[in-house]
Amino acid sequence: MHNQEIQAAYGYLPKDVLDKMCEKTGMFPTQVMGVATFYSQFRLEPTGEHVIKICFGTACHVNGAEKVADALADELKVEFGGTTKDGKFTLETVACLGCCSLAPVIMIDEEAYGRLTPDSARKIIRDYYETGRA
Amino acid sequence: MEKQYKVIVGLGSCGIAAGGLKVMEAIKAKQATTPVTVSVDETGCMGMCYKEVLVEIVNPDGKSYIYGNVTPDKVDRLFAEHIGNGQPITEWVVQGCDLKTSEDSFFDKQERIVLRRCGKINPESLDEAIAMDAYKAIGKAIKTMTPEQVIEEVLASGLRGRGGAGFPTGMKWKFANASKGSKKYIICNADEGDPGAFMDRSVLEGDPHAVLEGMMIAGYAIGADEAYIYARAEYPIAIKRLKIAIKAAEERGLLGKNVLGTNFNFKIKIKEGAGAFVCGEETALISSIEGKRGMPRIRPPFPAQSGLFGKPTNINNVETFANVAYIILNGAGSYNKYGTEKSKGTKVFALAGKIARGGLVEVPMGIALRDIIYEIGGGTSSGKPFKAVQMGGPSGGCIPAHLLDTIVDYDSVNQTGAIMGSGGMIVMDEDNCMVDIARYFLSFTQSESCGKCTFCKIGTNRMLEILTRLTTGEGREGDIELLEELSDQIRRNALCGLGQTAPNPVLTTLKYFRHEYEAHIKDKKCPAKQCRPLIKYVILEDKCIGCTACSRVCPVKAISGEPKKAHKIDSSLCTKCGACKEKCRFSAIEID
Ligand SMILES: Cc1cc2nc3c(=O)[nH]c(=O)nc-3n(C[C@H](O)[C@H](O)[C@H](O)COP(=O)(O)O)c2cc1C
Ligand code: SF4
Ligand code: FES
């Protein structure tokens, strides 16, 4: 899959790059878009500076992930899948981050935060804006 | 080498998420300034995820102690007392060779075959793996056994596929071996799609060599010289360690051309998935490796006849492969002495949800669910009554409290309506709504359905609509029957396992918790008090002392009242986030 390499380079799949790939490889745009939209990993839009992944796996779900998610969406004033106005954070949901015993879990960029409550999740964001570090 | 203290930090995903890297930093800083020489190392998941960060200290005489809940500020005392004075800090020890701890029962009923090296070796060190028997079995297989003898041994062990369906592994190999063709492939399914399961990740992170060796043995048995590991993209640490392991094994002549100086060649490549649950299905997985949309196709032909790039292919799960070297090295008898008549050996489970001791456990088949949940898992984390355990993820079902004596084997679990699955075990207590959990799984399968079959794509959508309706107070008379009808049709008309099993979470909860569905429809009530549109937060006037903590924490300012007087919640503003209830120290807030 060339898409994985493109995304690794750009952080998302820019349309003009995909067009160029079609030209070069002779693939049809429908084939390329078919693959790009089939897998949840591919993005067609750029992300914010940091990506927050909220785990919606089963362990997190039964431990109240939804409330944590709502608190984050409210704190950041974004919808799931959206990016904050200041371009700092993109809020995404994922199916299991693999640290189920620390549920509910979120991951900001590569770092996981576990055993969250709506309150402690909000605090992570506030701390970020205060210190400038996620 | 001079005898010295060894400090080992558990750095699986869970250890890292709990702050393991910071503990490691603190230990390394301390190591540099301590007069005694201490070696510092890392390992994979030790299993006790609920006690992360875990740190093991091994004394110069080999005595070992595992510390739980270690934070950077505990490191000083560990060095001063344990390493400085030779006195283990007993109140922090969760497992000690000569100490009794309250946590011993976590390990008492476990039997470690798959996890034989997990948490015991540094997964990035080939030497440590070899010191614990890695790559002995492949040597034995290629030098002293024919491929047919290898297959016979695996057949005799009774090993069944751990990816979910439980197909006998030896039989699968036999078919692939019998397939004609000079080019064949081995695939390791490391897609681990069940959200809430982490067995395969932990094995890959903790002992990648066990999986590589299992794949090689399979390759020798069926006559394949090339293999792929299809790994979930969300598992960066597993992928990194696999790459390190492959490289190390190649450099040592254990993998690649002329393995161990014989004429057996074997090459292993890693292919990262891109986030699609259906790609765990073997034909979809194959088409994903080929660079296409990962959609299942009709079988036959089975992969054993025509798989990757049209060649005969044998595909097994991570845990299945991790058993193989043990079986070849120790003989089928050492494996099939565990288990029941039709389910042999051990099974790894990822215990999570509302469980006191969540983690990675490996138990002999035939053990009762009750033993796993109470003896090993320590019961519910909330201390509230146990309600159900979910097995098999989106393809499985919920097993209620009165069936806890069910034993772990494929047939017994199937009888409950759930499935053994790949090993996810999610415990729920009385606060979890069973209609909600059914809706949760349907929303998962619905969004992951690849869209090839109408019954799966649209049917799950209709089911999700109904379940959403129920959980929002819009349930109608007849909805239960409609769910049952849709379930039946989807089951019978879907092409792949995703669709065929998607109704299971609904059917099992309907079977055991029908009254909860009825309460949602008839009384517009959620008995577990979880479905937000069906509940109301109220302040008990006689308990509220007017401390104002709740009104300050409410994000939508729905709580009003004067200090020192009972407060009130305005239901029209309340979003039911529960922040107030969590904050209140006087149990003055109730859910109605
Ligand atoms: C929707 C769906 C998802 C699956 N996901 C996985 C998975 O994540 N891991 C896995 O090993 N098997 C998964 N399977 C089962 C595989 O198709 C296949 O049976 C298995 O990898 C065979 O290995 P085994 O015989 O060792 O169990 C899935 C099947 C279906 C229908
Ligand atoms: S059953 Fe569902 S997931 Fe499977 S092939 Fe059909 S539409 Fe795709
Ligand atoms: S369910 Fe959230 S980390 Fe697994």
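So you know, we letter chains A, B, ... as the sequences are listed, proteins then strands, and number each from 1.
Enclosure of atom NZ in B:K581 is not indicated, since only 12 or fewer non-hydrogen atoms of other residues, nucleotides or ligands lie within 6.0 angstrom. Atom OH of A:Y10 sits in a sparse spot, with 12 or fewer heavy atoms from other residues, nucleotides or ligands closer than 6.0 Å. Annotation: A:E45, atom CD; neighbour count of heavy atoms from other residues, nucleotides and ligands within 6.0 Å does not exceed 12.
Counting heavy-atom pairs closer than 4.5 Å to chain A, the top residue among B:A276, B:G353, B:C14, B:A352 is B:G353. With chain A as partner, the option from B:Y50, B:F444, B:F198, B:Y440 having the largest number of non-hydrogen pairs under 4.5 angstrom is B:Y440. Among the candidates B:P555, B:S202, B:G294, the residue making the largest number of heavy-atom pairs closer than 4.5 Å to chain A is B:G294. Of the listed residues B:V553, B:L351, B:D436, B:T575, the one with more heavy-atom pairs under 4.5 angstrom with chain A than any other is B:D436. When each of B:G275, B:A233, B:G451 is checked for heavy-atom pairs under 4.5 Å with chain A, B:G275 comes out on top. Taking B:E52, B:K354, B:Q530, B:E234 one by one and counting their heavy-atom pairs under 4.5 Å with chain A, the maximum is reached by B:K354. In terms of heavy-atom pairs under 4.5 Å with chain B, the best-connected choice from A:G57, A:C55, A:A112 is A:G57.
A salt bridge links A:R122 with A:E75: the distance from a Lys NZ or Arg NE/NH1/NH2 to an Asp or Glu carboxylate oxygen falls below 4.0 Å.
Only the side chain of B:E582 comes within contact range of chain A, with at least one heavy atom under 4.5 Å from a heavy atom of that chain. In this structure, the portion of B:R232 lying under 4.5 Å from any heavy atom of chain A is its side chain and not its backbone. For B:R201, the part lying near chain A is the side chain, with the backbone staying farther off; criterion is any non-hydrogen pair under 4.5 Å. The part of B:A197 that comes within reach of chain A is its backbone (N, CA, C, O), which places non-hydrogen atoms under 4.5 angstrom from that chain. Of the atoms belonging to A:E66, heavy atoms from both backbone and side chain fall under 4.5 Å from chain B. Using a 4.5 Å cut-off between heavy atoms, B:A579 makes no contact with chain A at all. Residue B:V427 touches chain A through its backbone alone, counting heavy-atom pairs closer than 4.5 Å. For B:C433, no part lies under 4.5 angstrom from a heavy atom of chain A. Contacts of A:A95 with chain B are made by both backbone and side-chain atoms, with heavy-atom separations under 4.5 Å. With a 4.5 angstrom heavy-atom cutoff, B:K583 touches chain A only via side-chain atoms. At a 4.5 Å heavy-atom cutoff, B:F277 makes no contact with chain A through either its backbone or its side chain.
Nearest approach of B:Q390 to B:M428, heavy atoms of both residues: CB-CE, 3.7 Å.
Inspection of the A:D86 and A:T84 side chains reveals an N or O donor paired with an N or O acceptor under 3.5 Å. In this model, no donor atom of one side chain and acceptor atom of the other lie less than 3.5 Å apart for B:D429 and B:T380. B:E192 and B:S422 are not linked by any side-chain donor-acceptor pair at a separation below 3.5 angstrom, with hydrogens and angles left out of the test. With 3.5 Å as the limit, one finds no donor-acceptor pair spanning the side chains of A:Q4 and A:Y39.
Below 30°, between 30° and 60°, or above 60°: for A:F89 and A:H50 the angle between ring planes is between 30° and 60°, a tilted geometry.
For the atom pair CG of A:L72 and CD1 of A:I52, the computed distance is 5.5 Å after rounding to the nearest 0.5 Å.
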